Amino acid sequence: MMLPPSMVMNTIIGASLAAVVCSMIGVFIVRMNLSSMGFCMSHAAFAGAALGLAISRDPFVLALGMATAVALVLGPVADKARLQADVVLGTMFSLTMALALLFLSIVPGSVVSSTALSVLWGSVLGITTTDLIRLLVLMLALLVVIFLFYKEFFAIMLDRKLAEESGINTKPFYYAILFLCGVTVSVSLKLIGGLLIFALMVNPVSAAYQFSHDMKCIMLISPIIGLASSISGIAASLYFDIPVGSSIAIMSVAIFLVSVSLSPKRRRGQRC
Amino acid sequence: MLIRLENVHTFYDGERNSTLKDITLSIGTGEMVCVMGPNGAGKTTLLETINGILPSTGRVEVFGRDARKHGHDIRKYIGYMLQAKTFPEDTPYLVRDVVLMGRFGKIGILRRPGRDDWNAAREAARFMEVDHLWDRPIGKLSGGQTQRVLLARLLAKRPRILLLDEPYSNLDCRAVEEVSKKICTLHTRNELTTIMVIHDTAHVPEICDRIILLKDGRLIGDAHPDDMLFSRTFRDAFAEA
């Protein structure tokens, strides 16, 4: 199938931007064991989209709103309830999934349901210039926030208690990390869908881990690997005529597996 | 007094009974104090209370300020070494990162570590004899090396108070002796106030001014080591444990 060049270009730019932002935030997710964040946020967005359909409002706006709201309350709820963020994420996951099904049951007809499902699967070929601008703004915002508060994030990612001991007030930074994760998931949803975002958040970072013991290097390498996953995924998708989202996810897994096999960390007697 | 606790009760999250019970004590500038007691006596809790980390009732003053209200400011001048801290093998942080991190609170928000910060970190690493490990991943070090790196991290902060929770826990006999000498030199040279939780009476430094004895969250003894170590109170505290 031949696609218009402008659509291909939008897809490439969109997928590249999404890969970069997802891998940037993925460094926090992998390091702080927040891997269920991707699932939880995507289902929150799914519930938002379903709500949008139920009340005849823009599903993507409500998807973004719901995921952001969950990200905002996550940190304070975990701290107040003295629970690990992962435990709260698990609970939120089941709640948002149940809400999504509830909202969908209110809306009859398979067509609207499939609109909600597109939040989960994504539709990279339908990406608009507005979506690209959103992703670009998010990427710049992430870069600015990480640049400004680099040392605080760097310390918290090693150990929150040690960071607190250093004299850093960790709470606002920890909440900021959770919030940025939520926003990243929400904004990237339309591109490859909530379920596959997880692949772009975790796989490039896991691949980068194979090559370095230095967090700074991992923070730099991860977006590059994310970008490589994305571009090679699009190329494979166009060549084999398969869905773009799946293709990107498969390429990110393939790059991770190659990284594991090439990792100097796994060579006997090799010091990294 | 540099540190003053009056009728302090410290509570852990979700617990009705306080872990520390009615503690009153004062510690002056330049004192070296060892905290001893059987397991569960509240030794770590005492350090964390002074560090302003735990919720408590009563008065907790450090540098004349309420440690709970001004915790973040106060902690910029306190070097607190956590008990038996270890790092997984794949922790992607280098020794230099961990040592420099001691400076982060002092550097302040929106500012980057400058040459002075790197110099302070390097000097601390040299003093603790871990500068040859500077570019090694923290997770690849032995327990003793990790302990010395964490001490270097505290020194990089240039603290006025050292709170050390079992600083010898991961060390072999030779390393204990070396680290103990370093702590004593540092304490004297920098005129620090040092509070150290230890288990073994053999680890009480010669320059120790006082031993505080805790049991079941209560302060049951406070005396010079010569008096404390041979006292009946001390023997009984451990005999019944």
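Chain letters run A, B, ... following the sequence lines, proteins first, then strands; residues in each count from 1. This structure is a prediction, so every number in the text was calculated from the model and none was measured.
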Undergrad: Between CG of B:L100 and NZ of A:K151, what distance do you get to the nearest 0.5 Å?
TA: 10.0 Å
Undergrad: By a 4.5 Å heavy-atom criterion (distance strictly below it), what part of A:L158 contacts chain B: side chain, backbone, both, or neither?
TA: both
Undergrad: Counting only non-hydrogen atoms closer than 4.5 Å, does B:R153 touch chain A with its backbone (N, CA, C, O), its side chain (CB onward), both, or neither?
TA: side chain
Undergrad: Among A:G167, A:C217, A:S166, A:A163, which residue has the highest count of heavy-atom pairs closer than 4.5 Å to chain B?
TA: A:S166
Undergrad: Do A:R31's NZ or CZ and the ring of B:Y93 fall within the cation-pi criteria of under 6.0 Å and 45°?
TA: no
Undergrad: Decide yes or no for B:T91 and A:M215: does some side-chain heavy atom of the first lie under 4.5 Å from some side-chain heavy atom of the second?
TA: no
Undergrad: Do the charged groups of A:E165 and B:K76 touch, with an N to O distance under 4.0 Å?
TA: no
Undergrad: Please look at B:F87 and chain A and tell me whether the side chain, the backbone, both or neither of the residue comes under 4.5 angstrom of a heavy atom of that chain.
TA: side chain
Undergrad: Within this structure, what is the CG-CD1 distance for the pair A:D159 and B:I138, rounded to the nearest 0.5 Å?
TA: 11.5 Å
Undergrad: Please flag which part of B:L110 lies under 4.5 Å from any non-hydrogen atom of chain A: side chain, backbone, both or neither.
TA: both
Undergrad: Nearest 0.5 Å, please: how far is OG1 in A:T170 from NE2 in B:H72?
TA: 6.0 Å
Undergrad: With a 4.5 angstrom heavy-atom cut-off, which part of B:I74 approaches chain A: side chain, backbone, both or neither?
TA: neither
Undergrad: Atom CG of A:L148 and atom CD1 of B:I109: how far apart are they, to the nearest 0.5 Å?
TA: 9.5 Å
Undergrad: Would you mind checking which part of A:Y209 comes under 4.5 Å of any heavy atom in chain B, side chain (CB onward), backbone (N, CA, C, O), both or neither?
TA: side chain
Undergrad: A side-chain contact here means heavy atoms from C-beta on lying under 4.5 Å apart; do A:E164 and B:N51 qualify?
TA: no
Undergrad: Could you tell me if the side chain of B:M101 sits less than 4.5 Å from the side chain of A:L162, heavy atoms only?
TA: no
